[in-house]
There are 2 protein chains.
Amino acid sequence: MARPKRQEERRSQLVAAAQRAIAAHGPDGARLNRVAEEAGLTSSAVLYYYPDIDELMFEANRAGMERFYEARVRMLEQLPDDPVARLLALAKSGLPSGPGDTEVRLLCELGGSAGRNPLMASLLTTLYDRQVGMYQVVLEQGAARGIFALAQPSLVIARNLVALEDAYGYRIIAGHPTIDHDGAYELIVASARLATGHDLTPSASS
Amino acid sequence: MARPKRQEERRSQLVAAAQRAIAAHGPDGARLNRVAEEAGLTSSAVLYYYPDIDELMFEANRAGMERFYEARVRMLEQLPDDPVARLLALAKSGLPSGPGDTEVRLLCELGGSAGRNPLMASLLTTLYDRQVGMYQVVLEQGAARGIFALAQPSLVIARNLVALEDAYGYRIIAGHPTIDHDGAYELIVASARLATGHDLTPSASS
DNA sequence: GAATTCTTTTCATCACGATTCAATAAATCG
DNA sequence: CGATTTATTGAATCGTGATGAAAAGAATTC
């Protein structure tokens, strides 16, 4: 009797468009027009789905973080039950592939705005703690099996490893001439070696 | 025969005002009006000194980084010639005092924009490398005197320590509930302990 | 105090982005 | 097809910020 609603589909398209716009122009430079252009619509159409533009922007950021985290969780689940392999995979998956990695670009943009946006600050803090939790599980698992000889509490090691990921993410996004994805990975692994007392060579897992 | 020029003084006042505005509203939210208000002037007066507003903003950012770095260098110089004390002081001075630390807030804001601003990216990369250099000097000094037993090349250790500083700066600015200045300091020192093979207790320097 | 140069404000203008609303297009069902 | 609901557009409006020009204000020298 009428045209069916398919708003959810459009809404997620708009969220994706907003994410691209933010990655391209920053959280404040992502004007309504840019989002609309990115989505192939007019600004009015965007407003039709998100009468409050801030709501769309927040959702774009929130969803971006969620997606980043969820992807890592899924990756971890698909891996064999090997602490060494898992630790290395975590380190690799936490780094941007290069300066053009839009997913991490988004996260970096948010980091700066956390200082003046309590909501963003809270989301980022949560994301950080969740990632720390992931590392902790792997570390504890390895320790329980006698594979890792943790030199520090797992919380300390995990916090430092996630911190390294974050920081090198910024360096890679900024295009550091000698710290690219692989270089940062090696640096993080080097730190993990000391903390776990393990070689962390892919094959020497047991 | 006429009123003397004292533009340099005003210009540096404006740079400081711009820094405060950026720390308060972000790199893109720092409108000309905000800067003027922060400086106690009108927007036109600001334009009188900086016809190109982007030039002021860039200078504010550049000067902010420079100042941050120079302050650390001076602090190091004033310290006794003790690698342990210097390393600890470095770690402490690289972290924001709290979420309200405007100097580090500024740096965090820039980190995000580096992805779309090559000039900022270049400045931040330089700042990072310079800080790494500072750490390297201290590490090598300690190693040469037999105080530190470096578990890795000094470049690797230094890069990781500066990275930790950066990342915890973001966490502190974001107001992480359990990672404040002191907490982050302990985490960084914990990592430095493993890398230097030294207790890093303030008194056990020799 | 008058002349001169530097500084600042006021005001007008311009461009751009957000927002609204009426009009139009599209999809579905009977 | 035509009624009905959903989706999208385009023009109009509004506010904000950047910018420029002219006028007013301030500091110095003679």
Side-chain angles (χ1 to χ4, degrees), chain A residues 1-62 106 109-110 112-113 116-117 119-120, chain B residues 1-61 106 109 112-113 116-117 119-120:
Chain A
M1 204 201 289
R3 183 176 180 170
K5 281 191 183 184
R6 271 210 310 261
Q7 301 205 338
E8 284 318 309
E9 188 183 338
R10 259 279 184 269
R11 282 170 80 94
S12 53
Q13 285 175 10
L14 288 179
V15 166
Q19 289 171 343
R20 288 194 299 273
I22 294 170
H25 306 108
D28 295 306
R31 312 268 164 231
L32 178 53
N33 288 330
R34 320 258 199 192
V35 176
E37 187 183 3
E38 201 71 54
L41 292 174
T42 56
S43 59
S44 300
V46 176
L47 262 343
Y48 176 70
Y49 293 95
Y50 285 92
D52 183 4
I53 192 65
D54 290 339
E55 200 176 312
L56 169 57
M57 292 307 175
F58 179 78
E59 179 56 20
N61 291 324
R62 194 202 57 73
L106 188 74
E109 294 284 3
L110 296 193
S113 69
R116 59 203 143 82
N117 190 338
L119 222 30
M120 280 305 140
Chain B
M1 205 198 289
R3 181 175 182 173
K5 281 191 183 183
R6 272 211 309 261
Q7 301 205 339
E8 284 317 309
E9 189 183 338
R10 260 275 183 270
R11 282 169 81 93
S12 53
Q13 284 175 11
L14 289 179
V15 166
Q19 288 172 345
R20 289 194 297 275
I22 294 171
H25 306 108
D28 295 306
R31 310 268 164 234
L32 179 53
N33 290 329
R34 320 261 197 189
V35 176
E37 187 183 3
E38 202 71 53
L41 293 173
T42 54
S43 60
S44 297
V46 177
L47 260 347
Y48 175 69
Y49 293 95
Y50 285 93
D52 182 3
I53 191 63
D54 290 339
E55 201 176 311
L56 170 57
M57 292 306 176
F58 179 77
E59 180 55 20
N61 291 324
L106 188 74
E109 293 283 4
S113 67
R116 60 203 140 82
N117 189 339
L119 224 29
M120 280 306 139

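Just so it is clear: chains get the letters A, B, ... in the order the sequence lines come, proteins before strands, and each one is counted from 1.
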> Can Arg62(A) and Glu59(A) be said to form a salt bridge (charged side-chain N to carboxylate O under 4.0 Å, His left out), step by step?
Replying inline: CA-CA 5 Å; Arg62(A) 194 202 57 73; Glu59(A) 179 56 20; 2.7 Å; yes

With a 4.0 Å limit, can you tell me whether [X] has a side-chain N or O closer than that to the phosphate oxygens OP1/OP2 of [N]?
X	N	value
Tyr48(B)	dT19(D)	no
Arg10(B)	dC6(C)	no
Gln7(A)	dA7(D)	yes

Using whole Å, report how far [atom1] of [X] lies from [atom2] of [N].
X	N	atom1	atom2	result
Lys5(A)	dT4(D)	NZ	P	18 Å
Asp28(A)	dG17(D)	CG	C1'	14 Å
Ile53(A)	dT19(C)	CD1	C1'	11 Å
His25(A)	dG17(C)	NE2	P	11 Å
Asn33(A)	dT9(D)	CG	P	12 Å
Asp52(A)	dT20(C)	CG	C1'	15 Å
Leu32(A)	dG17(C)	CG	P	10 Å
Glu37(B)	dT8(C)	CD	C1'	17 Å

Residue [X], side-chain atoms from C-beta onward, closest of [options]:
X	options	answer
Thr42(B)	dA7(D), dG17(D), dT9(C)	dT9(C)
Arg31(A)	dT8(C), dA27(D), dA18(C)	dA18(C)
Arg6(A)	dG17(D), dA27(D), dT28(C)	dT28(C)

Ranking Leu47(B) and Leu41(A) by the position along DNA chain D of their nearest nucleotide, the one closer to 5' is Leu41(A)

Review point. What about Ser44(A), does its side chain sit under 3.5 Å from the base of dT19(C) through a donor-acceptor pair?
Key: no

| field | hbond_proxy Arg3(A) side chain to dA7(D) base (donor-acceptor, 3.5 Å cutoff) | value | no

Inset, instruction - First locate atom CD of Gln13(B), then atom CD of Gln7(B), and finally report the distance between them rounded to the nearest 0.5 Å. - result: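 If we round to the nearest 0.5 Å, Gln13(B):CD and Gln7(B):CD are 12.5 Å apart.
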
Here the pair of heavy atoms bringing Val35(A) nearest to Ala30(A) is CG2-O, 4.4 Å

Task: Shortest non-hydrogen contact from Leu106(A) toward Ala23(A) - done: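 Scanning both residues, the minimum pair turns out to be CD1-N, 4.4 Å.
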
| Is any side-chain heavy atom of Glu55(B) closer than 4.5 Å to a side-chain heavy atom of Tyr49(B)? | no

